[in-house]
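What follows is one structure encoded as C-alpha cells, with my remarks underneath.
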Amino acid sequence: MKVAEAVGRALCAAGVEQVFGVVGYGNFHLTNAMVAAGARFVAARHEGGAATMADAYARVSGTVAAVSVHQGPGLTNAMTGIAEAAKSRTPLVVVAAEVTRPTSNFYVDQEALGAAVGAVPMRVASPEDAVGQACAAVRRALHERRTVLLNVPLDIQASDVPDDALAQAAPPPRRPAVEPSADEVAALAQVLEQARRPVFVAGRGARSPGARDALEALAERCGALLATSAVARGLFHDNPWSLDVSGGFASPLAAELIGGADLIVGWGCSLNMWTMRHGALIGADTTVVQVDDDPSALGAHRKLHLGVTGDVELTARHALAAPGGRRQGLRTPDIAEAVATRVRWRDVPYDDTSTRHRIDPRTLSIALDDILPAERVIGVDSGNFMGHPSMFLSVPDQDGFCFTQAYQSIGLGLATAIGAALARPDRLPVAALGDGGALMGAADLDTVRRLGLPMVVVVYNDDAYGAEVHHFGPDGHPLDTVEFPPTDIAAVARGYGFEGVTVHTRADLKAVEDWVAGPRSVPLLIDAKVVRDRGAWWLEEAFRGH
C-alpha cells in the first residue's frame, strides 16, 4: 500500500467521516483513499470555501472534519478559511500535498504558512510514520481543539508503507473533561452566594445540551439572567430568562441588564471586546469570573476577580452541589415582563426607512423570520449588514447558528451555510450575505445546487462595502473605491440553477412565501435591495470602541 492510500485510510479509521476539498493531482490519491474508506467527500469550487465548509461542519456536528488540498496554490487558496478555523479553535485536519524542492514552481513553506495563522503544522516524514502521523493529527485536533495542517510530501506519497501499518489506526479516546479544583469551586460558590444581580454569559465552551442544562439549573438557584456570546447564540432559546446575545449585538434592554450586573460569569466564554463591548458592559464594581478548561484562556482579554480551570458542565454541577439557598436575584416579575416583551430586537420600535426601491434590512429580516420555517440553521457572512440576520432571525438552539467571524473576512458566509447544512440535514439552511461577500463566494453557488441543498440565500445588497461607506463617508472621504454599480445577483444565481427573486419592498417577499410552501426542489436566492441610509448599530458600537 502506498503512503497516499495509507494516510487517507488512517484518517478515516481515526474518525474522520466528512471531507471537503478541491482535488488536483497532488491530493488525488489521498482523497480517493478517504472516499474508499467510507468518508463523504464534497467537492467545493474554491479551496477557501472548502476550508470554511469543513470548519462549519465540525462546529455544528461536534466531530473532526477534514479538508483536502493540492500542494502550493491549493493550500494558499484555502488559507483564509484555515485562519478562521484556527482562530476559532475548530478541531479540523487540513491534508495538504507538499513539494519540498525549492526549485519547484509549487514550492512554498507550507509549515510556516500554517503556523502563521495559528494552525498546528505536522508532516509525514517517512513511510514508517505515515499512519502514526495521520492518527496523531486527528488526536491533536480533537484533544487540543486545534486546526492541524498535515503536509504529505509528493515523493513520500508514492512510497510503500510497512505491511501492518494500518493495524495501529484507531479513533483517539474522547477528550477528558477537566475537573475543577475544590478550592476554585468553593470560591465560585461564594461569589455566586454573595451576588444580587448575577448574569451568566455562555460561550463556545458551553455549547452542549449537558452544559446548557447545568447552567440553567445553577442560574435558577442564583437568580441569574442568561446570555451568550455570538458563537453560542440559541443555547438558551426557550428559557424565559434569556437575554439572547451579549455584546455589540445585544438589544438595549439586554445591554442595560448586563451592564447593571454585580457579577458576570463567563462560562466557556472569553469575555472579549465583542462580547463585552470593549468593557462597556462591565460596571466599575462588577465582579468578573471566567470558567474555562484551558487555563491560558483565563484572563486573556480582561482582568478577572476569579478564574476557574474546569469543564463548564462539571464546574456548574459542582457549584450547584455546594451549600446555598435559592435566591431571587434578577428574576423579578418586572424583569420577567421586560424580557418577554423587549429583549428581542424585533420588539424594539424603529422608523422604517424603506422606499419604493429599497427595503429596510430590519423590515426584511423580521418578515423573513416570520416566513421561513423555525427549524433552521443560519450561516452569516461579515459586513455592515450582519447584525440584522444575526439578531432578527431566530434560531431553535445552539446548532441553529454558525458564526465564522473570528477572522472577520467577508466571503465565508455561503460556505459556512453549506457546511452547517450538511451537519444538520434536518433543517432549512439559510445563508445571510452582503453583496460583497456573495460575489466573492459565488463560485460555491454551484456546490449548493450540485448537492441539492434546499437552501435560502439572502443577499443584503447595498451595492457597496457598507462598513467602509458608513465609517469614512461622514468625514467626507471619497467612496469610489467601495461603491459599485448595481449587480443583478438574482440573475447570477439563476445561472447556477437557483430560483432567483429580487426584493425591493415587503410585497416582493410573496415569492419567498410561495417557495417555502412549494416543493423547494431548487435553492432560492433573494437579492434584497436594502436601504443604505446609515451604518448598523453594532458597527457604530465597534468603531466607538476603537
Original post:
In a check of side chain to side chain contact (heavy atoms under 4.5 Å, CB included) between Val448 and each of Val522, Leu414, Val457, which one passes?
Top reply: Leu414

**OP:** Indicate yes or no for a side-chain donor-acceptor contact from Asp129 to the backbone of Gly132 under 3.5 Å, with no hydrogens or angles considered.
**Re:** no

Original post:
Is there a donor in the side chain of Gln405 and an acceptor in the side chain of Ser382, or the other way round, less than 3.5 Å apart?
Top reply: yes

**OP:** Apply side chain to side chain contact (heavy atoms under 4.5 Å, CB included) to the pair Val458 and Leu368, showing each step before the final yes or no.
**Re:** CA-CA 9 Å; Val458 188; Leu368 289 174; 3.7 Å; yes

Original post:
Is the shortest heavy-atom distance from the side chain of Val430 to the side chain of Leu428 under 4.5 Å?
Top reply: yes

**OP:** Please determine, by modelled atom types, if Thr416 and Thr52 share a side-chain donor-acceptor pair under 3.5 angstrom.
**Re:** no

Subject >> Donor on one side chain, acceptor on other, Thr90 and Ser88, under 3.5 Å >> reply: no

Original post:
Are any of the side-chain nitrogens in Asp397 or Arg427 under 4.0 Å away from the carboxylate oxygens of its partner?
Top reply: yes

**OP:** Taking all heavy atoms of Arg520 and all of Trp515, pick out the closest pair and write down the distance.
**Re:** CG-O, 3.4 Å

Original post:
Salt-bridged, Lys529 to Asp488, with N to O below 4.0 Å?
Top reply: no

Original post:
Salt bridge check: are Arg40 and Glu17 linked by an N-O gap of less than 4.0 Å?
Top reply: no

Subject >> Lys/Arg N to Asp/Glu carboxylate O, Arg204 vs Asp292, below 4.0 Å >> reply: no

**OP:** Taking only Lys NZ, Arg NE, NH1 and NH2, and the carboxylate oxygens of Asp or Glu, determine whether Glu313 and Arg207 approach each other closer than 4.0 Å.
**Re:** no

Original post:
Given side chains that start at C-beta, do those of Val42 and Leu451 come closer than 4.5 Å, heavy atoms only?
Top reply: yes

**OP:** Would you indicate whether the side-chain heavy atoms of Leu154 and Gln71 approach each other to under 4.5 Å?
**Re:** yes

Donor-acceptor list for residues 163-173 side chains, cut-off 3.5 Å, not counting sequence neighbours:
none

**OP:** For residues Ser68 and Phe20, determine if any side-chain heavy atom of one lies less than 4.5 Å from a side-chain heavy atom of the other.
**Re:** no

Subject >> Heavy atoms from other residues, nucleotides or ligands near OH of Tyr407 exceed 12 (cutoff 6.0 Å) >> reply: no

Original post:
Got a sec, which pairs hit side chain to side chain donor-acceptor pair (under 3.5 Å) with one end in residues 441-462, sequence neighbours left out?
Top reply: Arg45-Asp446, Ser365-Tyr460, Asp444-Thr447, Asp446-Arg450, Thr447-Arg450, Asn461-Asp527

Subject >> Atom pair CG (Leu92) and CD1 (Ile82), whose distance is rounded to the nearest 0.5 Å >> reply: 8.0 Å

Original post:
Do the ring centers of Phe28 and His70 come within less than 6.0 Å of each other?
Top reply: no

